[in-house]
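Here the structure comes first, spelled out in structure tokens, and everything after it is commentary.
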Amino acid sequence: MSLSRVFFLLSFLLPLLGQAQRSTPPPRPGVPAAASPAPPRRSATASSPPEAPPPLAGKGSPIKLLTAGELVGGDFNGVKIRKLLGNVSFQQEDTFLYCDSAYQYLDRNQVEAFSNVRVLQNDTVTITGDRGYYDGDKRTARMIGNVVMRDPRMTLTTPSLDYDLNRKTAAYTETGHLTDPQNTLDSQQGFYDTVSKVFVFKRDVHLVTPDSELNNDTLRYNTVSKIAYFNGPTRIKGKQGNLYAEAGNYNTRTRVSDFQKNAKIDTPNYLLGGDRLVYDEVKLYGVANGHVSLISKKDNLTLRGDAGRYWRGLGRTKLYGGRPVVRNISQKDTLYMAADTLISLEARPGQTTTRTVIYAYPKVQIFRGNMQGICDSLTYDRQDSIIYLNQDPVLWQAKNQLTADSMQIRSKRGKVDEMRLYANAFAVSQDTLLNFNQTKGRNMMAYFRDNKMRRVDVLGNAESIFYALDGDTATTGMNRVLSANMRLLFVESKLNKITVLANPEAKFIPPHELKPDDERLKGFAWRAKERPTRRQVLGKQFDDRPRKRPAPKKKAKPTSKRTIKAKATPKKTPTKTTPQPVPKPKTAPQTTKPAASVISPKPSAGAPSTRR
């Protein structure tokens, strides 16, 4: 074909193509023809509407209009808008949007929905509200008014909600109420990841389970595992007691708490705390570690240790590690007891008849004012205020030492009232000349007044030796007494008088006739080196020593100015001077010695008298 014929055909076809483009399509069935230049109306259900222009590079896919009762399209202020009325639905990838009416912004790939708005993603997450705004490029949806979000595991209601369809996360900032089959949760702010099924709640968080309530300021909750994680002051109220911690987690399904900072269990009678605390509300069993403390609310009793176990159902607490210590404060007197293991028994839930008892073992140490003691095992009946010492017990009171196979310490009104020594009882006291006055017998009863020993009754096979003194400077002899029973009287905790009660045998031995065997009763042992100090008993659990403040560092004096001045001054040639001899003093200096302190001797109380 020649080139002229091709040009002729093109000139003939081009006008026809332009006329076809300017012509309007015929009206579709059921839709009236347009009577004016206004935008045409047509049914969106009869056929698919024209698709929005393709998105720019890097933006989301276009939002497709699926259905609408009416559609009005046109340009409003230069913006392409579709106004949709009645049974409106859209789709973008795996997300569907339903509403009663909507505006679709074609250029921006956005939809503004009104009334009965519903967003559905993957048939798993459904969000409903009064009004919604959907951004197809950012893939975000904002719902406002009576918003309800549902997935297979929970339901969330809130005034407004922002949902990211790419990350599948939701967030609210105007209070939210979460419910699942077992629990409810309220907070001022929240964030939910629908993939990991984890909620993050902030401000005034309140979690309610069938058996407890949790309150804190920040909480992370897994809707699959039903575990709540928290960081900050948190309180859990339960039927068996309250829990407090500043970090950790709580399993609402198994009701097991794992508290990791400043944890506490608060029961009607006790307060148990530690650095970390794991507590099972079903088994009523807890394990505590680090700075463990058990505080009795009724009688000012505190137990401290490094580790502990708590059986709430048995009313039993065990402390061990780091030499746990018991502190019992009564009036102005305080009793401390330390051992390798401490066990406290209290009344079980629903019982009031169980006696409150503390067991301590082994290597027990006691400190109370001017009384100290040791033994291998101890029982403290707090209801009757009786301390039972077993297995090689030793008690010291002032300069007196008491030993026996077993002992009892009985208190009244917070003060030591009586001591009972059973089997092989032995009492030793040291006088001013360091002589040992000794008394032994089958049993002994020691009586106190204002925490000072005033009388000791020796019951059965009584035997005693005591020294007679001339003032407080010389020993005049030793008395040796045998009797069935004997009574020792003390003044200011010092032996003053011995009274023989039945069948006495006594003899006086002058100092020059004393033999080493005469000065000791059988079974004598002075164990002052084993006497515990307050610091030893308190240990690290009640370390009340003041902390030493670091000494302030002395500032180094600047030397730069002096150096500059030294350089600025002109050098002078030194002049030779003949040194003059130092005149010698006429009299040599005398060295003065400090005057020796003179201690006046104390008046002698006299030797203890023996009376039949």
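Position 1 is the first residue of the sequence, and the numbers go up from there.
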Distance only, no hydrogens: is a donor on one side chain within 3.5 Å (strictly under) of an acceptor on the other, for [X] and [Y]?
X: Lys264; Y: Asn262; value: yes
X: Arg82; Y: Gln104; value: yes
X: Thr67; Y: Ser89; value: yes
X: Ser160; Y: Glu174; value: yes
X: Asp151; Y: Tyr192; value: yes
X: Gln541; Y: Arg327; value: no
X: Arg276; Y: Gln260; value: no
X: Tyr134; Y: Glu112; value: no
X: Arg255; Y: Tyr279; value: no
X: Asn249; Y: Tyr221; value: no
X: Thr169; Y: Asp193; value: no
X: Ser212; Y: Tyr250; value: yes
X: His206; Y: Asp186; value: no
X: Arg534; Y: Gln536; value: no
X: Asn166; Y: Arg139; value: yes

What is the ring orientation for Tyr103 with Phe114, classed by angle as parallel under 30°, tilted 30 to 60°, or perpendicular over 60°?
->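 Ring orientation of Tyr103 relative to Phe114: perpendicular.
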
Please work out whether the ring planes of Phe201 and Tyr172 are parallel, tilted or perpendicular, with thresholds of 30° and 60°.
->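 Rings of Phe201 and Tyr172: tilted, 30 to 60°.
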
Asp94, CG: over 12 other non-hydrogen atoms inside 6.0 angstrom |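 Yes, because the 6.0 Å sphere around CG of Asp94 holds more than 12 heavy atoms from other groups.
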
Are the charged groups of Asp306 and Lys540 less than 4.0 angstrom apart, N to O?
->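 Salt bridge between Asp306 and Lys540, a charged N being under 4.0 Å from a carboxylate O: yes.
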
Does the Asn122 side chain pair with the main chain of Thr124, one donor and one acceptor, at a distance under 3.5 Å?
->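 A pair under 3.5 Å: no.
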
Considering the options Lys226, Arg253, Arg150, which one meets the salt bridge (charged side-chain N to carboxylate O under 4.0 Å, His left out) requirement together with Asp180?
->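 Result: among Lys226, Arg253, Arg150, Lys226 is the only option passing the salt bridge (charged side-chain N to carboxylate O under 4.0 Å, His left out) with Asp180.
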
Which is it for Ser296 and Arg382 under the side-chain hydrogen bond (donor to acceptor under 3.5 Å, both in side chains) test, yes or no, and what are the steps along the way?
-> CA-CA 11 Å; Ser296 175; Arg382 293 163 48 206; 3.2 Å; yes

With ring centroids as reference points, do Tyr336 and Phe367 lie under 6.0 angstrom apart?
->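 No: the rings miss the under 6.0 Å criterion.
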
Kindly indicate whether the side chain of Leu207, heavy atoms from C-beta on, has any atom under 4.5 Å from the side chain of Glu213.
->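 Answer no - side chains too far apart.
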
Among Val148, Thr179, Leu161, side chain to side chain contact (heavy atoms under 4.5 Å, CB included) partner for Leu156 |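 That would be Leu161; it is the only one of Val148, Thr179, Leu161 passing the side chain to side chain contact (heavy atoms under 4.5 Å, CB included) with Leu156.
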
Cation over ring face, Lys318 and Tyr320, 6.0 Å, 45° =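 The answer is yes, since Lys318 meets both limits relative to Tyr320.
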
